[in-house]
Amino acid sequence: MPRTFVWHPGKGPKSTPANKVKDGEMVRIKQVRSGIGHEARMRATLAAMGLRHHQAVIERPMSPGLRGQIKHVRHLLEVTPAKAATAAPKKEKKEKKANA
């Protein structure tokens with residue numbers, strides 16, 4: 001049976017926002033489309049990135065390898081720079097004073 005869907009290199013999104021994140025900076029990656037119906041290589045790339053299901057979100061430092069993975073499945077993802085302010089600082093637990 002012939003393949004009915006072929007992913008052509010030039011058939012991705014018309015344009016993607018420029019990625020201005022430098023290597024070493026944290027990025028927030030959200031999966032906005034499912035890997036179902038796409039090639040096994042694309043599903044494997046999503047799994048290797050740590051995106052296990054639709055709407056999953058990960059934060060990773062940008063690297064050349066991650067940049068290539070993002071490019072491979074760019075039509076399924078939304079990439080934004082991670083904000084340092086969004087990470088909530090851990091609250092220290094107050095010690096209970098025992099009444100003597």
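Any value given below was found using the heavy atoms of this structure, including those in side chains, with hydrogens, waters and symmetry copies removed. All residue numbers refer to positions in the sequence shown, counting from 1.
For residues 42-57, the side chain to side chain donor-acceptor pair (under 3.5 Å) pairs, not counting sequence neighbours, are Lys30-Gln55. Sorted by first then second residue, the salt bridge (Lys or Arg N to Asp or Glu O under 4.0 Å) pairs that include residues 17-26, not counting sequence neighbours, are Asp23-Arg67.
The minimum heavy-atom distance linking His75 with Arg33 is given by the pair O-CD, 3.5 Å. Pro61 approaches Gly24 most closely through the heavy-atom pair CB-O, 4.1 Å.
Separating the CD1 atom in Ile36 from the NE2 atom in His38 is a distance of 10.5 Å, to the nearest 0.5 Å. Note that CZ of Arg28 and CD of Glu78 are 7.5 Å apart. Values are rounded to the nearest 0.5 Å.
In this structure, Leu51 and Leu77 have side chains that are in contact, with non-hydrogen atoms separated by less than 4.5 Å.
One hydrophobic cluster, built from ILVMFWY side chains closer than 4.5 Å, holds both Ile58 and Val21.
A donor-acceptor pair under 3.5 Å links the side-chain atoms of Arg60 to the main chain of Met49, judged by distance alone.
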